[in-house]
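Only this structure's heavy atoms are used, side chains among them; waters, hydrogens and symmetry mates stay out. Residue numbers begin at 1 in each chain, while the letters A, B, ... track the order of the sequences. Since we're looking at a predicted model, the values are computed, not measured.
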Amino acid sequence: MTKNKQKVIVAMSGGVDSSVAAVLLKDAGYDVIGVTMRLWSVKNDAVSKSSKPCCSVEDIDDARRVCQKLNIPHYVQNFEKEFQEHVIDYFCQEYDSGRTPHPCLACNDRIKFDFLLRRAMFLDADYIATGHYARIRRNENGAQLCKAVDPSKDQSYVLFTLSQKEIDKLLLPVGEYTKSEIREIANKSGLTVANKPDSQEICFIPDNDYRKFISKRIEPKPGEFVDKNGNVIGDHPGVQFFTIGQRRKLGLQGNSPTPYYVTNIDSKSYQVTLGDENDLYKTKLWASKVNYVSGTSPINSMKVTAKIRYKSKDAAATLTPHNGWAEINFEEPQRAITPGQAVVFYNDDTVIGGGYIETSPTPAPVKTNVHVKIKA
Amino acid sequence: MSFKNIIRYACTEYEDELKRTIEGLTGQERRFVPNQNSHHVDFIVWHMARVEDTWINTFGKQGIQIWDEQNWAIHLNLNIYMDEPRSGWGWDINQVSSMPSFDFEQLCEYLERVRRCTDKYVESLNDSDMNICPDEDRPNYSTAQMLAHLVVEQSQHIGQISYIRGMLRGIDG
């Protein structure tokens with residue numbers, strides 16, 4: 001039996017972007033199936049209505065109603081175990097190591113473009129699609145990952161881990177439109193989610209209090225605040241509760257002549273180094289677990305633009321590839337280069353690749369699937 | 001194997017399955033309805049407990065229900081007018097959707113007491129009891145028929161809960 005249409009599984013969160021992705025693909029003639037990934041369960045009802053967790057009943061119901069409106073099937077697939085292992089545990093482990101993780105990277109890399117993709121293939125799908133704001137250009141040399149049309153919504157940064165094998169099976173229809181156009185399409189299509197607010201927080205921490213989330217899951221590592229010369233300034237409650245560039249909630253008594261910023265976190269000595277704002281600026285970083293979307297590492301150093309955070313601006317830099325890692329030298333100093341976050345390299349609007357920011361040129365291998373010590 | 005043992009095994013399995021299907025569901029999930037004409041999990045579980053209490057104590061034992069004897073309507077904040085058999089049977093969708101909220105752990109406690117009562121009742125029966133028709137209003141309906149019906153009805157409701165759970169949490173969720 002042959003298929004008349006190409007089948008695509010759309011990962012539907014219940015938000016407007018993935019809902020419109022389904023609309024666009026249905027209009028384009030695909031056989032569309034909506035799948036909502038159940039990633040996280042709140043273990044009790046003690047969540048305020050103002051801080052709605054991800055995978056809520058409302059979100060799943062929203063996705064289902066959109067599918068009913070489009071007359072397409074909708075399924076919920078459960079990825080809670082995978083999410084716990086590859087996103088939550090990773091998130092806690094990184095903070096435990098004094099680093100600042102970006103959980104969306106792990107979720108995309110492992111949950112959406114690994115586990116979901118594999119399950120989609122079991123449903124005899126040709127593609128999976130998401131509501132990410134990014135674009136894919138395909139030509140005879142393979143596929144390129146590009147920035148979204150709407151620069152204010154571009155999410156190519158969180159997709160740098162994509163391989164050619166994955167991108168070959170991926171559709172990103174939303175990236176061709178601005179956010180206002182997406183809402184307009186949703187309105188015209190009669191979707192109830194047309195004016196649903198964007199999600200802002202880390203999806204599994206709806207109140208945005210990551211310190212509270214972390215403190216429930218890992219033992220704190222209290223230690224000393226020191227200045228850049230190693231002089232002790234005070235005590236802190238745990239290296240897990242700080243990030244590079246942090247100024248507030250340091251918990252120091254008294255006033256200092258200039259504001260203190262976190263400039264370094266050492267999870268072995270439990271020391272958190274404080275300095276002034278100038279100490280946050282650096283021109284060099286190293287990246288581990290580097291992925292090149294084309295599948296091929298550049299042979300020589302090359303001029304790129306690079307982003308060191310999701311919302312940071314592109315900055316001119318030189319990328320020097322090494323075996324599995326890379327050295328990045330910026331033309332202008334960058335503020336708060338933060339280990340654990342991603343650095344993503346671009347050539348104009350095309351993603352060359354990216355990696356995880358490290359503090360040294362010979363980074364320790366990033367452990368995977370290691371469970372941090374969970375509090376009793 | 002005796003009919004009694006078959007019923008005993010069936011009830012044990014249904015109880016285990018019920019616990020599995022409701023485990024971890026939040027209050028919001030228990031009140032989710034797939035569409036406006038559907039029942040929610042809170043109602044279904046309460047209905048299951050009431051049905052079993054009614055069949056075992058009113059029909060089988062011709063006695064007083066645990067619901068009444070132990071004032072569970074008050075414990076569960078469900079001291080509202082209900083038509084007989086006061087089990088939710090025949091409720092329209094407005095009654096289901098406006099069912100007062102209650103402490104689900106308390107409902108599970110009520111269900112637990114009903115289940116243990118059923119165990120004792122089944123244990124007390126011998127094969128000849130199975131053919132007795134205990135309710136004079138239903139002279140052709142035997143204890144065996146009632147017990148068989150109870151297992152089928154409860155299994156049906158577990159399927160409904162599992163379906164709702166699957167809609168919210170997916171397979172294996």
Side-chain angles (χ1 to χ4, degrees), chain A residues 9-14 33-69 71-85 111-112 115-116 118-120 122-123 192 204 206, chain B residues 16-46 75-78 93-94 96-111 157-173:
Chain A
I9 304 292
V10 181
M12 298 183 70
S13 64
I33 295 174
V35 165
T36 301
M37 294 185 291
R38 174 83 183 196
L39 302 174
W40 180 247
S41 283
V42 177
K43 298 292 186 262
N44 55 51
D45 294 333
V47 176
S48 70
K49 287 185 178 172
S50 60
S51 55
K52 191 165 63 69
C54 72
C55 310
S56 68
V57 171
E58 290 96 334
D59 288 338
I60 290 170
D61 208 30
D62 283 342
R64 178 173 295 111
R65 285 174 201 280
V66 168
C67 290
Q68 284 171 348
K69 179 85 181 171
N71 197 25
I72 61 175
H74 176 261
Y75 303 110
V76 175
Q77 294 200 343
N78 196 290
F79 291 92
E80 289 182 65
K81 285 179 193 161
E82 292 89 344
F83 193 75
Q84 175 69 46
E85 183 174 352
I111 307 299
K112 293 191 181 82
F115 296 112
L116 176 64
R118 279 193 263 165
R119 287 202 201 177
F122 277 116
L123 289 171
T192 53
F204 54 89
Chain B
D16 290 346
E17 279 298 298
L18 177 60
K19 284 176 181 167
R20 190 184 63 78
T21 56
I22 61 177
E23 186 191 359
L25 289 179
T26 66
Q28 197 182 24
E29 288 173 322
R30 293 195 311 269
R31 288 277 167 160
F32 167 78
V33 286
N35 65 46
Q36 296 311 307
N37 294 312
S38 303
H39 294 158
H40 47 70
V41 172
D42 269 355
F43 171 80
I44 299 170
V45 178
W46 171 78
H75 297 324
L76 287 170
N77 191 34
L78 289 173
I93 208 64
N94 289 328
V96 174
S97 61
S98 62
M99 184 182 200
S101 60
F102 51 79
D103 183 337
F104 193 72
E105 285 187 18
Q106 284 283 300
L107 175 62
C108 291
E109 176 62 26
Y110 167 56
L111 179 62
H157 290 311
I158 289 171
Q160 293 163 347
I161 298 169
S162 296
Y163 188 80
I164 291 172
R165 186 184 181 102
M167 291 182 85
L168 296 171
R169 297 196 171 201
I171 296 169
D172 299 330

Distance, nearest 0.5 Å, that separates [atom1] of [X] from [atom2] of [Y]:
X: Ser56(A); Y: Gln28(B); atom1: OG; atom2: CD; answer: 6.5 Å
X: Met167(B); Y: Asp61(A); atom1: CE; atom2: CG; answer: 7.5 Å
X: Thr36(A); Y: Leu168(B); atom1: OG1; atom2: CG; answer: 10.5 Å

Residues of residues 35-46 of chain B near chain A, each having a heavy atom less than 4.5 Å away
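Listed by number: Gln36(B).
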Which residues share a side chain to side chain contact (heavy atoms under 4.5 Å, CB included) with Gln68(A), sequence neighbours left out:
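Result, side chain to side chain contact (heavy atoms under 4.5 Å, CB included) vs Gln68(A): Arg64(A), Arg65(A).
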Residues forming a salt bridge (charged side-chain N to carboxylate O under 4.0 Å, His left out) with Lys81(A), sequence neighbours excluded:
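Once residues adjacent in sequence are excluded, Lys81(A) has no partner under the salt bridge (charged side-chain N to carboxylate O under 4.0 Å, His left out) criterion.
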The criterion is salt bridge (charged side-chain N to carboxylate O under 4.0 Å, His left out); which residues satisfy it with Arg38(A), sequence neighbours excluded?
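Expected list: Glu80(A), Glu29(B).
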Under 6.0 Å from the OH atom of Tyr110(B), do we count more than 12 heavy atoms belonging to anything else shown?
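Yes.
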